[in-house]
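See structure below.
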Amino acid sequence: DGDVIVITGGANGIGRAVGVAAARAGAKVVICDLDAAAMAAAKAEHDSIDVQQLDVADREAVIAAFARIERDYGRIDGLICAAAIQPRRLVHEMAPEEWRRVMAINLDGVVWCYQAVINGMIARRRGSIIAFTSGLAHQGWPEASAYAATKAALIAFTKSAAKEIARHRVKIGRASCRERV
């Protein structure tokens, strides 16, 4: 109750469901996404939901957006990284720009968001971060190589980051969702 939760990729799907549930439980939720129409619809679901347009692949934009959220709300207690894309393409046919975009959103975006919130959480000795992974990280799937690679990397990232910040009473973990393939 009263926690400030930021959710990337929160305008649709799992991110939106988590945001609405958190708002109903009493949290102040800030949804960061690129889909303005979906953000407006999510905001209309509860008066404790605010929205901010953000491309998580843009590190400077992430740092600035999270600084504004900290200033406006006083802190960020929780971060849920749900922003992801999954273009369906054979990896040998994937253009380098498309591969890099998947990496930039699904992996780099989590790292940039982590960097934007971690110092405040360490200073307060309180905070939780969740990054969404996928069963595809373990099993792979045709036409989902780039997506699966980012989700596998997030597993290693969260394990290592958790060990770096545990002494500060800040937690990072991962949640896995079932994919419709």
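Note that the structure is a prediction, hence the values are computed from the model and not measured.
Around the CZ atom of R124, the shell of radius 6.0 Å holds more than 12 heavy atoms that belong to other residues, nucleotides or ligands. Heavy atoms of other residues, nucleotides or ligands lying less than 6.0 angstrom from CZ of R167 number 12 at most.
Annotation: side chain of K171 is not in contact with side chain of I130 (no heavy-atom distance under 4.5 Å). A 4.5 Å side-chain heavy-atom check between Q52 and R68 finds at least one atom pair inside the cut-off. Within the 4.5 Å cutoff, the side chain of I69 has heavy atoms near those of the V6 side chain. In this structure the side chain of V110 never reaches within 4.5 angstrom of the side chain of F132, judged on heavy atoms. Counting heavy atoms from C-beta on, the side chains of V30 and I5 never come closer than 4.5 Å. At a threshold of 4.5 Å between non-hydrogen side-chain atoms, the residues Y147 and W141 do not count as touching. I14 has its side chain out of reach of R16: every pair of non-hydrogen atoms, C-beta onward, lies at least 4.5 Å apart. In this structure the side chain of T8 reaches within 4.5 angstrom of the side chain of C113, judged on heavy atoms.
Residues A146 and M94 come closest through the heavy atom pair CB-SD, 3.9 Å. A23 approaches V29 most closely through the heavy-atom pair N-CG2, 3.7 Å. Between G140 and A148 the shortest heavy-atom distance is CA-CB, 4.4 Å. Taking both residues in full, the closest heavy atoms of D77 and G2 are given as OD2-O, 4.4 Å, listed atom of the first, atom of the second, then distance. Taking both residues in full, the closest heavy atoms of V62 and A116 are given as CG1-CB, 4.0 Å, listed atom of the first, atom of the second, then distance. Considering all non-hydrogen atoms of both residues, G127 and M121 come closest at CA-SD, 3.8 Å.
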Set out, in order, the CA-CA distance, both residues' side-chain angles and the distance that settles side chain to side chain contact (heavy atoms under 4.5 Å, CB included) for Y114 and F157, then state yes or no. CA-CA 11 Å; Y114 172 88; F157 171 74; 3.9 Å; yes
Go through the steps to decide whether R89 and E98 satisfy the test salt bridge (Lys or Arg N to Asp or Glu O under 4.0 Å), and finish with yes or no. CA-CA 10 Å; R89 187 154 351 279; E98 187 172 31; 2.6 Å; yes
Is there a side chain to side chain contact (heavy atoms under 4.5 Å, CB included) between R126 and H168 once you walk through the steps? CA-CA 8 Å; R126 180 177 188 274; H168 300 290; over 6 Å; no
Should R59 and D108 be marked as a salt bridge (Lys or Arg N to Asp or Glu O under 4.0 Å) after you check the CA-CA gap, both sets of side-chain angles, and the distance that decides it? CA-CA 8 Å; R59 185 177 187 274; D108 298 346; over 6 Å; no
Just do the side chain to side chain contact (heavy atoms under 4.5 Å, CB included) check on T150 and M103 with the steps written out, would you? CA-CA 6 Å; T150 63; M103 297 299 141; 3.5 Å; yes
Decide yes or no on side chain to side chain contact (heavy atoms under 4.5 Å, CB included) for K151 and L136, but give the supporting numbers first. CA-CA 7 Å; K151 298 307 181 173; L136 298 186; 6.0 Å; no
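Interatomic distance, CD of Q53 versus CG of D35, reported as 8.5 Å (0.5 Å rounding). Going from atom CD1 of I49 over to atom NZ of K28 covers 14.0 Å, rounded to the nearest 0.5 Å. Atom CG of L54 and atom CE of M39 lie 9.0 Å apart (nearest 0.5 Å). If you take SG on C81 and CZ on R174, they are separated by 14.0 Å, rounding to the nearest 0.5 Å. Between R24 atom CZ and S48 atom OG the span is 11.5 Å, to the nearest 0.5 Å. Taking CG from L79 and SG from C32, the interatomic distance works out to 9.0 Å, rounded to the nearest 0.5 Å.
No continuous path of hydrophobic side-chain contacts links W99 to I85 [ILVMFWY only; heavy atoms under 4.5 Å]. Each of I7 and L107 belongs to its own hydrophobic cluster when Ile, Leu, Val, Met, Phe, Trp and Tyr are linked at side-chain heavy-atom distances under 4.5 angstrom. Residues V18 and I76 do not share a hydrophobic cluster, defined by chaining ILVMFWY side chains whose heavy atoms lie under 4.5 Å apart. Hydrophobic clustering (ILVMFWY, side-chain heavy atoms < 4.5 Å, transitive): I165 and L154 are in one cluster. A single hydrophobic cluster is seen to contain both V56 and I118, as judged by linkage of ILVMFWY side chains at heavy-atom distances under 4.5 Å, directly or through other members.
Scanning for salt bridge (charged side-chain N to carboxylate O under 4.0 Å, His left out) contacts around R101 gives D55, with sequence neighbours left out. Listed by chain and residue number, nothing satisfies the side-chain hydrogen bond (donor to acceptor under 3.5 Å, both in side chains) test with E164 (two or more places apart in sequence, or in another chain).
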